[in-house]
Each structure stands twice: as C-alpha cells, then as structure tokens.
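Index from 1, following the sequence. In each ligand, atom 1 is the first atom listed, and ligand 1 is the first ligand listed.
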Amino acid sequence: MQSVRTDVAALVDDDPRKHAFRVHRDAYVDQGVFELEIDRFFHHGWVYAAHESQLPAAASFVSTTLGRQPVLITRGSDGQLRGFFNRCRHRGAVVCKERQGQSDNFRCPYHGWSFKGDGSLAGLPGPDGYGADFPRAEMGLVPVAELASYRGFIFVSLARPDVDLQTHLGQARVFLDRLCDQRPQGLSVVPGTTRYGFDANWKLQIENALDFYHLPVVHRSFFEIKRARGESGKMTVRDFATDQCVALERGHGTVLASDANGHVHQHLFIFPNLVILENPAPQLRVIFPQRVDRTEIEGLAFFSADAGEAERSRLLGLYERFYGPMGFGTPDDIEIFRACMNGFMAEAAPWNDFSRGYHRELDHLPNGDAAAVMACGNITDETFVRGLYRWWMNALRDVRA
Ligand code: FES
Ligand SMILES: [Fe+2]
C-alpha cells in the first residue's frame with residue numbers, strides 16, 4: 001500500500017500564465033486519496049446507477065454497486081422507481097444477487113426473509129419466533145437518500161447530496177439533451193454487459209474515454225484494418241483539426257467529433273462514473289473503482305428504441321469489433337493503463353503533463369454554438385482533463401475543510 005497523503009490541493013499544479021497544467025502521481029496511487037474519492041464522490045454525491053430501459057415494466061429491478069455499497073433499484077408493482085441499500089434487515093446479506101431482472105419479491109438467500117419491490121418486508125420463515133413488539137413494519141429495505149432520473153438516466157445519491165440532480169448535471173444537461181434528442185423514441189439498453197477489469201486507477205479510464213490524441217498511436221491496428229478494408233473516416237491527429245474537446249462544470253465533459261456527413265458524435269462523460277460513447281458504436285460505459293489500483297468496467301450497448309433488426313445487428317457488430325473481448329479498442333487501452341501505473345512508480349518523476357492545447361483554449365464553443373461550457377479546445381487537446389482535475393481538487397479539498 002502507498003503512503004497516505006491527502007493534501008489534494010498539492011496534487012494539481014495549474015499555471016494559466018504559463019499554460020502549464022500538471023497532476024501528481026499520488027492522484028493515481030495514494031490510498032488516502034482513493035478513500036477520499038470514494039467517500040466524497042461515490043458515497044456522498046450523485047452517481048449514475050441504471051437506465052430506465054433496463055426497468056421497462058412494473059416489477060423489474062437492477063442491482064449495482066456505488067462505491068463500496070450494494071444498491072437495488074426497483075420499479076415496484078405500482079410502476080414507481082425506488083432505490084434501496086441491497087442489504088437484508090436481518091443479518092446483512094444482499095437480498096438480490098442478480099444484476100437485472102423481473103421480480104417484485106426479493107428473498108434473502110440466508111434465512112429467507114423476503115422483501116417487496118417497494119422495500120417492505122413481505123414475510124419471514126417462522127414468524128412465531130418474533131414477539132408482538134417486533135417492529136415488522138419498520139424492517140423494510142433501507143432507502144437511499146435520493147433517486148432521480150434525467151432523460152431516462154437514473155442517478156442515486158446514497159447520502160443527502162449538496163445539490164439536486166439538475167444542478168449536478170449543470171452544463172452537461174444540454175449535451176445529454178442533444179444526445180437524447182437524436183433518438184426521439186428514447187434509448188434502449190441491450191440486456192447483457194461487457195464486463196472487464198484492469199489493474200490501474202479508475203481515473204485513467206475517464207481520461208482515456210475522451211482522449212483523441214491517443215487514437216492513431218494506441219489503436220493503430222484498428223485504423224490499419226479500416227484502411228485495408230477501404231473504409232473511410234478520420235485516422236490522424238490532423239484529421240481531427242475541426243473537432244472539439246469540451247470541459248463542463250462539476251468535472252463533466254464531452255468531445256464533439258463530426259463525421260463525413262457533418263453528423264456530430266459525442267463521448268459524453270457525466271462525473272464520476274458514466275461515459276456515453278456514440279462512436280464507433282453506441283456504448284454506455286460505467287466505471288466501478290475497486291481499489292486505488294484496480295478498476296472494473298461495465299459496457300452496455302444501446303440503440304435508439306425504434307431501431308430495426310438490421311440496424312441493431314449492424315451496431316452490435318461495430319460494438320463487438322471495437323469494445324468486445326476480441327475487439328480492437330479495449331485490450332489496447334488496458335495495456336496502456338498498466339503501462340501508466342508502472343510508470344507512476346518512478347517517484348523522482350512524479351508529474352503528468354496535461355498542458356496540451358492550454359494556449360489555444362476558448363471559453364465558448366465555435367461556430368456560434370451557444371451552449372455554455374467551461375472551456376473548449378481541439379479534440380486532441382487536454383481541455384477536458386484540466387476541467388476534470390480542477391473540479392476533482394476543489395471538491396476533495398472542500399471535504400477536508
Ligand atoms: S440475513 Fe437475510 S434472512 Fe437472515
Ligand atoms: Fe482508446
């Protein structure tokens with residue numbers, strides 16, 4: 001275990017006059033920093049939990065883990081969405097081990113207490129073992145502090161949050177709206193996930209998901225195969241000259257990449273754990289930090305709810321080609337995460353440089369786009385990462401104060 005260092009303000013070195021921005025290795029390897037992150041962001045802030053299309057009908061559920069805490073999202077027989085700690089009120093076992101399904105009854109695997117989708121205790125074996133003073137009506141599942149949904153995306157705050165969900169999403173709402181407006185029938189998340197893990201810090205995945213600078217290098221084989229097949233598309237840093245990387249308030253961000261038809265694809269990051277990728281195939285990527293040097297990822301394919309069979313199978317093919325276990329994207333990125341963690345062991349060279357594009361950063365989007373942003377740069381710039389770490393540092397520093 002690394003030494004515990006929690007002076008997070010010293011881990012971000014931002015010098016606007018020199019257009020210099022650095023992040024210290026302890027942000028990625030320090031156990032104390034990791035504990036702060038889990039506590040502040042995952043146990044006391046808004047966290048993405050599920051998509052409504054995964055709970056399509058009454059009596060459906062999704063279970064997940066937010067930080068270290070097990071959570072059960074239900075749509076009860078009354079159709080209402082609710083969130084609970086997935087923890088039996090008897091002696092603590094999780095009451096639902098399935099990831100997703102249809103049920104309005106959750107039977108604890110230990111002694112068989114069962115709970116309804118509205119959280120209430122439905123029954124227990126041998127009820128005569130409890131006296132008249134047993135507070136049965138109060139022994140339902142414990143609800144999370146807040147559950148709220150925006151455009152079908154369900155967010156949970158396990159403890160009372162400092163702001164409401166709309167405020168938390170802030171400037172990112174406009175970009176999430178744009179993504180949803182392109183699919184007016186709504187989004188449909190495909191059952192089944194691509195789940196994988198890697199031995200590296202969770203923030204490497206965030207940085208990487210909106211990083212177009214690495215594409216021609218790390219994913220060279222992907223582009224070479226595209227070229228060999230005669231496929232078109234942007235493949236070099238120069239090809240991305242007119243695309244944007246955008247920092248949004250509260251650590252969110254997006255990239256805006258236009259294709260040959262002028263259609264704009266986003267990789268939208270909602271802090272702290274959701275990336276919505278539109279290209280090369282639509283994917284929801286959910287980040288689960290496990291330890292300071294261990295992260296798990298869940299990838300879910302999604303379509304426009306009205307997509308036909310042919311379109312679904314075309315997109316699933318593209319999804320598998322890049323994100324799948326045998327795909328060209330994910331294994332290469334994971335290799336790089338490990339290379340970074342190994343490099344971070346060099347204690348005498350502790351700084352990562354994120355100054356790319358600082359000198360040419362704008363405080364607005366180009367082409368008259370009026371959406372409010374914190375900063376905008378070229379898509380190969382590190383504009384988003386600077387916004388991410390400014391928010392990260394300020395939010396963690398507040399915890400300590
Ligand atoms: S722990 Fe759940 S029934 Fe005993
Ligand atoms: Fe990548």
Side-chain angles (χ1 to χ4, degrees), residues 63 70 72 84-98 103 105-116 119-130 134-136 138-142 194 196 198 200-226 233-237 239-240 243 245 253 255 257 265-269 275-281 283 285 287 295 297 299 318-341 379-380 382 384-385:
S63 73
L72 177 64
F84 302 99
F85 292 94
N86 186 5
R87 184 243 193 258
C88 181
R89 290 300 300 281
H90 181 216
R91 278 159 53 183
V94 297
V95 298
C96 175
K97 291 197 285 191
E98 278 173 71
S103 180
N105 189 284
F106 303 93
R107 188 163 189 267
C108 178
Y110 201 171
H111 312 91
W113 286 26
S114 62
F115 301 86
K116 287 194 212 145
S120 59
L121 179 60
L124 50 81
D128 52 350
Y130 295 93
F134 178 68
R136 187 171 164 146
E138 296 163 27
M139 296 301 273
L141 299 175
V142 174
T194 322
Y196 56 94
F198 50 82
N201 186 262
W202 65 291
K203 296 188 296 302
L204 289 175
Q205 173 65 89
I206 303 177
E207 296 173 8
N208 175 269
L210 274 66
D211 179 341
F212 275 52
Y213 194 31
H214 82 285
L215 294 187
V217 183
V218 172
H219 303 298
R220 197 181 61 204
S221 55
F222 176 68
F223 290 118
E224 276 172 2
I225 284 172
K226 281 181 70 132
K234 297 175 179 177
M235 303 193 193
T236 67
V237 167
D239 293 340
F240 297 122
D243 294 331
C245 173
V255 294
H265 301 275
Q266 294 192 67
H267 292 186
L268 175 63
F269 173 63
V275 194
I276 311 168
L277 301 114
E278 291 192 289
N279 209 22
Q283 185 194 43
R285 190 178 296 175
I287 303 169
T295 304
I297 302 292
L318 290 172
Y319 182 100
E320 284 302 322
R321 186 167 81 159
F322 197 75
Y323 307 122
M326 302 293 285
F328 286 100
T330 305
D332 292 340
D333 284 325
I334 288 175
E335 245 348 272
I336 286 299
F337 299 156
R338 267 200 291 258
C340 290
M341 291 303 277
I379 201 167
T380 66
E382 284 151 347
F384 155 69
V385 185

| query | Should the heavy atoms of other residues, nucleotides or ligands under 6.0 Å from OH of Tyr213 be counted, would the total exceed 12? | reply | no
More than 12 heavy atoms from other groups under 6.0 Å of NZ on Lys203:
yes
Just to be careful: counting only protein atoms that are N, O or S, how many fall under 2.8 Å of the Fe ion (ligand 2)?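 There are 4 of them.
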Requested in this report: Kindly assign one of parallel, tilted or perpendicular to the pair His267 and Phe212, based on the angle between their ring planes and the thresholds 30° and 60°.
Outcome: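 His267 vs Phe212 ring planes: tilted.
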- Query: Think Arg136 forms a cation-pi with Tyr130, using NZ or CZ under 6.0 Å from the six-ring centre and within 45 degrees of its axis?
  - Reply: no
Hits for ring-ring contact (aromatic ring centres under 6.0 Å, His included) against Phe322, two or more places apart or cross-chain, chain-then-number order -> His219, Phe222
### Task
Taking Gln283 for its side chain and Leu277 for its backbone only, find out whether a donor-acceptor pair lies under 3.5 Å.
no
- Item | Any donor-acceptor N/O pair, Thr330 side chain to Tyr323 backbone, under 3.5 Å |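 Answer holds: yes.
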Excluding waters, which protein N, O or S atoms are within less than 2.8 Å of atom 4 (Fe) of ligand 1?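 Listed by chain and number: His90 ND1, His111 ND1.
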Scanning both residues in full, the closest heavy-atom pair of Trp113 with Arg89 reads CZ3-C, 4.0 Å
#### Entry: Partners meeting salt bridge (Lys or Arg N to Asp or Glu O under 4.0 Å) with Glu320 (sequence neighbours left out)
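Result, salt bridge (Lys or Arg N to Asp or Glu O under 4.0 Å) vs Glu320: none returned.
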